[in-house]
There are 2 protein chains.
Amino acid sequence: MRLSDSIESFIKAMLSQEEPAVELKRNELAEYFGCAPSQINYVLATRFTLDDGYVTESRRGGGGYIRIVRVVESGQQRLAYLINERIGSAITEEEAVRLIGQLVQQQVITLPEGEIMRAAVSGQALSVPVPDAVKDALRARSMKSMLTAVARQNRGALKG
Amino acid sequence: MRLSDSIESFIKAMLSQEEPAVELKRNELAEYFGCAPSQINYVLATRFTLDDGYVTESRRGGGGYIRIVRVVESGQQRLAYLINERIGSAITEEEAVRLIGQLVQQQVITLPEGEIMRAAVSGQALSVPVPDAVKDALRARSMKSMLTAVARQNRGALKG
DNA sequence: TCAATTCTGACTTTCTTTGACCAATGCCAG
DNA sequence: CTGGCATTGGTCAAAGAAAGTCAGAATTGA
């Protein structure tokens, strides 16, 4: 068995029972597995990505830590996946606005939340000197990030 | 637990019960926590900034003190300040997160709204190959755009 | 074999803590 | 008054304590 797989299992075991989040010390974990600390980063980068349904935060310096949060429950995974599919790696402002409108309509998000999202992906927000293609990519990432935040909050109770 | 966190909690506990302000002696507090007096300054500088919603004043010499005041503003005032003065043309993710947290704290926006905004300005959302300076500029525009949307909605539903 | 994946180590960045030195204030002795 | 001195708090740089990055070595699987 690969080291990475062991570390992955170890972390997932910590997360599995009711715990939606876990906090760990990079150096301690590396010590425990007898490997280089950067190995932990590798595992996080390859097995605990947003697409895998996890968000990680960390802090350096004295008392530093790494926190891993499971973000998508199996039931919602479908929805999140659909959203990801639909958005892809680029999306125009018009498409984004339409999609947000639908979400408000379906009461997945509130009207104020929809307005904020619309503002975030508006031409206003993105009027910076980069090519349109980059803007569309940026908009897609922004949308996915925001929708993930929504999914994370609606833990368990989403209506399609 | 970090020393800084302990000191932060201690001060916030003093502030929490109806007290909008607290006055303390730097040396006494340092003595109490068994640390260097300058540690207190560090805590103030990193956790009781204006972005966090606090103002600090102090006086040296005999009978000297440090006073920490929780600043109170209306939601519209705060929004206007952020949009017109604070954010400017560039802002880092850390600063943005701080400002958003403060808005949630003061109930200018809801927690889900805050999460969405945070998601919109996160490194995740902006992980596109452009220089940091451009990301900071993008983030500033995004923030102002979203906050403007919030301000627009609050208009009419607020007194003064 | 060879390309993709996994691992490592040196180097970087960020956050915390301390200590030496600086600056302001109030009080007294002269 | 006034100049010194004790009493505070302020600043800053350096040391310490994590975590992050990245290029390249090692390994694995087809």
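Note on naming: letters A, B, ... go to the chains in the order of the sequence lines (proteins, then strands), and numbering restarts at 1 for each one.
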**B/S/- contact track for nucleotides 13-18 of chain D, protein heavy atom under 4.0 Å** = ----BB
**Message:** Rounded at 0.5 Å granularity, tell me how far CG in B/Leu138 sits from CD1 in B/Ile91.
**Reply:**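 That separation rounds to 13.0 Å.
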**Item:** Separation of B/Ile83 CD1 from B/Gln76 CD (nearest 0.5 Å)
**Value:**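 Between B/Gln76 CD and B/Ile83 CD1, I get 8.5 Å after rounding to 0.5 Å.
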**Message:** One thing to verify: whether B/Glu95 and B/Arg139 come together as a salt bridge, which I'm taking to mean a side-chain N less than 4.0 angstrom from a carboxylate O.
**Reply:**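 Between B/Glu95 and B/Arg139 there is no salt bridge, as every charged N stays at least 4.0 Å from the carboxylate O atoms.
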**Message:** Under a 4.0 Å threshold between the charged nitrogen and the carboxylate oxygen, would B/Lys12 count as salt-bridged to B/Glu8?
**Reply:**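 Judged by the 4.0 Å cut-off on N to carboxylate O distance, B/Glu8 and B/Lys12 do form a salt bridge.
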**Pairing residues for B/Tyr65 by the ring-ring contact (aromatic ring centres under 6.0 Å, His included) criterion, not counting sequence neighbours** =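 Residues passing ring-ring contact (aromatic ring centres under 6.0 Å, His included) with B/Tyr65: none at all.
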**Asked** Should B/Asp5 and B/Arg47 count as side-chain neighbours, where that means a heavy-atom distance under 4.5 Å?
**Response**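 Touching, per the 4.5 Å side-chain cut-off.
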**Prompt:** How about B/Gln153 and B/Thr148: do any of their side-chain heavy atoms sit closer than 4.5 Å?
**Reply:**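 They are not in contact (no side-chain heavy atoms under 4.5 Å apart), so the answer is no.
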Quick one: [X] [atom1] to [N] [atom2], roughly how many Å, whole number?
X       : N      : atom1 : atom2 : result
A/Met1  : D/dT27 : CE    : C1'   : 17 Å
A/Ile68 : D/dG20 : CD1   : P     : 10 Å
A/Asp5  : D/dT27 : CG    : C1'   : 14 Å

**Request:** Name the first nucleotide and the last nucleotide along DNA chain C (5' to 3') that come under 4.0 Å of a heavy atom in chain A.
**Result:**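 Contact boundaries, 5' end first: C/dT5 to C/dT16.
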**Asked** Other than B/Leu3, which residues form its hydrophobic cluster under the rule that side-chain heavy atoms must be closer than 4.5 Å?
**Response**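 Members alongside B/Leu3: B/Ile7, B/Phe10, B/Ile11, B/Met14, B/Leu15, B/Val22, B/Leu24, B/Leu29, B/Tyr32, B/Phe33, B/Ile40, B/Val43, B/Leu44, B/Phe48, B/Tyr54, B/Ile66, B/Ile68.
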**Message:** Any residue in residues 28-49 of chain A with a heavy atom nearer than 4.0 angstrom to DNA chain D? Just list them by number, or reply none.
**Reply:**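 Heavy-atom contacts with DNA chain D come from A/Ser38, A/Asn41.
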**Asked** Counting only N and O atoms by type, is there a donor-acceptor contact under 3.5 Å from the side chain of B/Glu93 to the main-chain atoms of B/Gly123?
**Response**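 At least one qualifying donor-acceptor pair exists.
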**Prompt:** What pairs of residues pass the side chain to side chain donor-acceptor pair (under 3.5 Å) test when at least one of them lies in residues 114-123 of chain B, not counting sequence neighbours?
**Reply:**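 For residues 114-123 of chain B, and leaving out neighbouring residues, the side chain to side chain donor-acceptor pair (under 3.5 Å) pairs sorted by first residue read A/Ser145-B/Ser122.
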